[in-house]
Each structure stands twice: as C-alpha cells, then as structure tokens.
Amino acid sequence: MSETKRALAVLVFLLSVSVLVTTPSTSATETFVFGGCSQLKYAPGSPYESNVNSLLTSAVNSAMSTSYNNFTISGSSSSSSQDTVYGLFQCRGDLNGNDCGRCVARAVSQLGTLCVDSFGGALQLEGCFVKYDNSKFLGVEDKTVVVKKCGPSIGYDSDALTRRDAVLAYLGTSDGSNRPYRVGGSGDVRGEAQCVGDLSASECQDCLSEAIGRLKTECGPAAWGDMFLAKCYARYSEGGSHSRSGNGENDSNNNDEEIEKTLAILIGLIAGVALLIVFLSCLRKICEKGKGGK
Ligand SMILES: *[C@@H]1O[C@H](CO)[C@@H](O)[C@H](O)[C@H]1NC(C)=O
Ligand SMILES: *[C@@H]1O[C@H](CO)[C@@H](O)[C@H](O)[C@H]1NC(C)=O
C-alpha cells in the first residue's frame, strides 16, 4: 500500500512540476532574437560594474513608462571618466508600458547571464532591444548587419512577391515625419520596421532604407526575411510561412500548439515514469513475498 501511495505522491509532484513548466512564462514578445557581448572584461567589484548595474536597473524602471530612453552613468564625481557607461533600450512601437517593462526586464536579466563582466552587451528580444557599452554609441548611426535570416524561396513571379515588394516599399517610404516604428500589410504579407530611438528622423530613414534594400537583394524571393542592423531592423513574413512568433494571429496559435505539444510529451513522460515506479515497487513486493515464503 505505502508503495502505491509513494508512487501516487511522486505522480502528483511531477504533475504539478509539469504544470509549472508548461505555464507560458515567456510571451512571444520575449522570444530571443540575438545577443552579444564585448570581448573585454572589467574587474568584478569595480566602479564600472556598479555603474552597469545601476544603468540596467534604470532601464528596467524607465521601460514601464516610455518605449525608448538613453542613459549615461558615471557614478560618483570622484570616479574617473573611464568608468562611464552608456546605454539605451528600445521597445517595439506597438507594446504598451507593461509589456515594454516586462520585455526590458527579461532582456536585462538575460544580459546578466550572457555578458558577465563584459564592458558592453546588446540583446534583442522580439519586443525590445537593450544595449550598453563603455564607448559612446548614443546618437551614432550604425548600419552593421547583426542578424540576417531569409526564408525559403517562393519564386520570382509569385503574387506574394509582388505584395512583399509593396509592403517593403511602404515600410521604406519617407513622409518627412519621424516614424521609428512602421508596420504594413498586403494580403497575407506583413512587414514591420523599427529604429532605435536615438536616431534622428533622417538617420532612421537611411537605416531602414539600407535594411529594406538588403532584404530585397540578399533574401531574394524569400517567403520571409529578417534584417537586423545595429540601429534598426526591417522584417516581413507571409502568413503562416514563418513559425517565428510575434507576427500576427497565426503565431499565437502556433505558440498554443507548441505548448500543447510540450504538455502532451511531458504528461506522457510522467505517466511512463509513474508506471515504472509502480511496476518496480510491485516487483519488490513480489521479491519480498518470495523471500518470506522460503
Ligand atoms: C537621451 O535622453 C535625453 C533625455 O533623457 C534626451 O534629451 C536626449 O536627446 C537623448 N539622447 C539621445 C542620443 O537619444
Ligand atoms: C493563418 O494563416 C493563413 C494563411 O497561411 C490564413 O489563411 C489564416 O486566415 C490565418 N489565420 C489567422 C487566425 O490569422
């Protein structure tokens, strides 16, 4: 009896763990896109470290109320200028304050594990970008390609490609105003572009033109494409052609499906383990009975 009870207790425990594991703790906006750290490391416990920490804390706090902010932290007036750290965050233009705050908090926590003791780090999640460094990069345009991803080809004379080009043309259009976040769609093609808020309107325009031009030349007739430059990105996808999250209703469905799949696999595993435990404890009982009989 006690063996069965023990097995049941284990089953209940594993089930509750599985519920915790499968409860979606990360939404699509917190999906990792890229991250990187500078090679140079600072000495742990240095004034620079405490400046980095206070910068990242300020970013998390600020992200609740604004979608972009920049920071320059030089600590106490006595510390030298080489301890100065510069940083910024940029949330995707469609996020509300809560989602922006959550996204930046997550990005900062990931930077903390990814870039231990690094002088600089940058991390892009679907919904936000966070960067800090000891060199002054604020307000400096930077069109370095950071991440380029292209989907499978859909052929040069497809209607979808015509719509893709229309969406990209729309994203790249300048109306003279400052539009750091742009979104457009045609049919099932959806496009999105975002500049980091330290760029001027014309720098943003220039950066997005570069990203969009690269998407067209380097991805060719791809079903979807991502072009992340250091200070802006442009991306597009055809409905359902890209399992990447964050691009419309279909993705939340994919997400749910994925969670359901994970749950199914976990429950299968747990049932298997529980059966094994019951089986083993029965075996032991049989053995014990066998011994007792002789
Ligand atoms: C940095 O933020 C300040 C306000 O906090 C703003 O006045 C300034 O223009 C920003 N600089 C850049 C490069 O974004
Ligand atoms: C999902 O994508 C397909 C195209 O692949 C589209 O026909 C359908 O309407 C989309 N569903 C939702 C809920 O957006």
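Read the numbers this way: they start at 1 and go in the same order the structure lists the ligands and their atoms.
- Numbered from 1 in the order shown, with element, the atoms of ligand 1 that lie under 4.0 Å from a heavy atom of Tyr68 read 12 (C), 14 (O).
- Across Asn69, Asn70, Leu88, heavy-atom proximity to atom 6 (C) of ligand 1 is greatest for Asn70.
- Under a 4.5 Å side-chain heavy-atom criterion applied to ILVMFWY residues, the cluster that includes Phe71 comprises Phe32, Leu40, Tyr42, Tyr48, Val52, Leu55, Leu56, Val60, Ile73, Val85, Phe89, Val104, Val108, Leu111, Leu114, Phe119, Leu123, Leu125, Val130, Tyr132 as well.
- With ligand atoms numbered from 1 in the order given, ligand 1 contributes 13 (C), 14 (O) to contacts under 4.0 Å with heavy atoms of Asp198.
- In this model, Cys204 has its SG atom no nearer than 2.5 Å to the SG atom of Cys232.
- Under the 4.0 Å distance rule, the nearest protein heavy atom to atom 4 (C) of ligand 1 falls outside the cut-off.
- Note on ring orientation: taking the six-membered ring where Trp is involved, the planes of Phe34 and Phe228 are perpendicular (angle over 60°, cut-offs 30° and 60°).
- With a 4.5 Å cut-off on side-chain heavy atoms, Lys216 and Asp165 count as touching.
- Heavy atoms of Phe71 stay at 4.0 angstrom or farther from ligand 1.
- Checked against the 2.5 Å cut-off, the SG-SG distance between Cys207 and Cys195 does not fall under it.
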